[in-house]
Amino acid sequence: MISLGIETSCDDTGVAIVEDGRKILANVLSSQIDIHRLFGGVVPEIASREHLSNFLPVLDTVLEESGLSLEDIDLIGATRGPGLIGALLVGLTAGRSLSLATGIPFVGVNHLQGHICANYLTHPQLKPPFVALIVSGGHSYLLHVTDYLDYSLYGKTRDDAAGEAFDKVARAMGLPYPGGPVIDRLAKEGEETYKLPRVLLEENSYDFSFSGLKTAVLNELNRSKQMGEEIRKADLARSFQQAVVDVLVEKTYRLAEELGERTIVLAGGVSANSALKEAMVQRGGEEYKIYAPTPKLSTDNGAMIASAAYFTHLKGGRPQVFADPNLGLG
Ligand code: KG4
Ligand code: ZN
């Protein structure tokens with residue numbers, strides 16, 4: 001089955017064509033980062049307008065690159081949430097209109113499930129069950145995935161998502177948007193010389209909280225300014241990143257141990273983080289298998305939506321076709 005996936009939940013217009021949920025035939029992304037960087041973050045109204053003008057050229061490119069035409073497509077899927085409502089509506093309406101005009105079936109896709117599916121594209125042998133850690137710009141989730149689209153929710157963010165913390169800390173340090181990749185690079189040149197908190201919450205909780213860590217960094221920046229001390233940016237980036245990574249690794253392994261699960265899957269933009277992947281692999285040793293998407297598939301893209309559309313369609317049931325900006329997991 002050939003599925004066409006459309007992703008417009010935030011600031012990337014992604015369209016892709018995927019075979020049987022696993023094999024990418026073409027994957028095109030039009031990033032708006034350069035525009036939003038001028039404002040230090042995503043401006044929702046600008047994002048919607050950009051999706052509107054980018055969608056058709058991106059669709060044309062994806063068809064051209066795959067050598068296919070619309071007649072070859074068996075299924076259309078578009079992200080229906082979570083995300084920015086105006087941005088979601090552009091992709092969802094485009095997908096539904098294409099479906100109405102061609103008769104190709106349509107399914108709305110949960111963006112977070114798409115992030116997990118990025119792993120099915122990267123690792124053809126990967127199958128549930130596994131423990132999944134989804135860490136993106138707006139969400140942090142810890143799940144036990146029991147089948148392609150079935151899961152139990154164990155933990156989520158109580159305040160800032162992991163990626164949000166990276167972006168806010170970067171902004172406070174005067175680094176460009178999005179902050180995650182910049183901190184990742186900068187941290188490689190630094191040492192962990194700043195003492196920052198690891199917030200693990202209650203002993204039996206799998207939830208995350210990163211706002212205290214973010215505040216600790218802001219306090220350090222203010223203190224240094226008042227004392228006239230220069231901030232060692234690479235060291236601060238390294239110390240902050242290590243604090244996030246320690247919490248993510250600790251909670252993920254606690255859940256894996258509790259469930260007796262030896263496969264761990266990382267997903268979402270922050271799963272591109274090199275220190276996170278390294279630390280996860282190191283903690284697991286020989287006993288655990290750690291999977292993450294390629295960096296290109298970690299962040300938002302159309303291919304993960306095309307894959308999730310395929311699994312959503314396979315599962316059957318009435319397709320969900322309305323936008324839900326607050327759609328979550330669980
Ligand atoms: O999944 P994603 O593309 O969009 C959402 O669904 O939110 O994630 C974007 C987030 C941003 O917060 C970005 O700073 C973060 O992922 N990110 C990273 C890295 N690459 C992207 N965070 C840490 N290290 C990275 N290498
Ligand atoms: Zn995302």
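Everything numeric here is computed off the predicted structure, so don't read it as measured data. One-based numbering, in listed order, for ligands and for the atoms of each.
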Asks: Got the closest protein heavy atom to atom 22 (N) of ligand 1, with its distance?
Replies: Gly180 CA, 3.3 Å
Asks: Look at atom 15 (C) of ligand 1 and find which of Gly269, Ala170, Pro178 reaches it with the closest heavy atom.
Replies: Gly269
Asks: May I ask you to list the atoms of ligand 1 that are less than 4.0 angstrom from any heavy atom of Gly138?
Replies: 7 (O)
Asks: If you measure every N/O of Asp300 against every N/O of ligand 1, is any gap under 3.5 Å?
Replies: yes
Asks: Does ligand 1 have any atom that is closer than 4.0 Å to a heavy atom of His111?
Replies: yes
Asks: Which of the N/O/S atoms in His115 sits closest to the Zn ion (ligand 2)?
Replies: NE2
Asks: Consider ligand 1: state whether an atom of it lies below 4.0 angstrom from any non-hydrogen atom of Cys10.
Replies: no
Asks: Which pair of heavy atoms, one from Leu175 and one from Lys233, lies closest together, and at what distance?
Replies: CD2-CD, 4.4 Å
Asks: Set out, in order, the CA-CA distance, both residues' side-chain angles and the distance that settles side-chain hydrogen bond (donor to acceptor under 3.5 Å, both in side chains) for Glu7 and Ser9, then state yes or no.
Replies: CA-CA 6 Å; Glu7 159 59 33; Ser9 67; 2.6 Å; yes
Asks: Once rounded to the nearest 0.5 Å, what's the spacing between atom CG of Leu121 and atom NZ of Lys296?
Replies: 11.5 Å
Asks: Can you tell which of Leu25, Asp72, Val28 makes a side-chain contact (heavy atoms from CB on, under 4.5 Å) with Ile17?
Replies: Leu25
Asks: With a cut-off of 4.0 Å, which atoms of ligand 1 are near a heavy atom of Gly137?
Replies: 5 (C), 7 (O), 8 (O), 9 (C), 10 (C), 12 (O)
Asks: Run the salt-bridge test on Arg158 and Glu202 with the 4.0 Å N-O cut-off and return the result as yes or no.
Replies: yes
Asks: Counting from 1, what ligand 1 atoms have a heavy atom of His115 closer than 4.0 Å?
Replies: 1 (O), 6 (O)
Asks: Which residue, Glu258, Glu250, Glu257, forms the salt bridge (Lys or Arg N to Asp or Glu O under 4.0 Å) with Arg254?
Replies: Glu250
Asks: Are Asp150 and Lys315 close enough for a salt bridge, meaning some N to O gap below 4.0 Å?
Replies: yes
Asks: Check this for me - ligand 1, Thr299, N or O atoms closer than 3.5 angstrom, yes or no?
Replies: no
Asks: Distance check, rounded to the nearest 0.5 Å: Asp147 atom CG versus Leu149 atom CG?
Replies: 7.5 Å
Asks: Taking the six-membered ring for Trp, are Phe311 and Tyr120 ring centroids under 6.0 Å apart?
Replies: yes
Asks: Report yes or no: is the cationic atom of Arg238 (NZ for Lys, CZ for Arg) under 6.0 Å from the centre of the six-membered ring of Tyr194, at an angle within 45° of the ring normal?
Replies: no
Asks: Just to be sure I'm reading this right: ignoring hydrogens, which of Ile183, Asn273, Asp167 gets closest to atom 14 (O) of ligand 1? Compare them by their nearest heavy atoms.
Replies: Asp167
Asks: In Asp300, what N, O or S atom is nearest to the Zn ion (ligand 2), if we give its atom name?
Replies: OD1
Asks: Can you tell me the protein heavy atom closest to atom 26 (N) of ligand 1 and the distance?
Replies: Asp184 OD2, 2.9 Å
Asks: Which of the N/O/S atoms in His111 sits closest to the Zn ion (ligand 2)?
Replies: NE2
Asks: Can you list the ligand 1 atoms lying under 4.0 Å from a non-hydrogen atom of Gly163?
Replies: 12 (O)
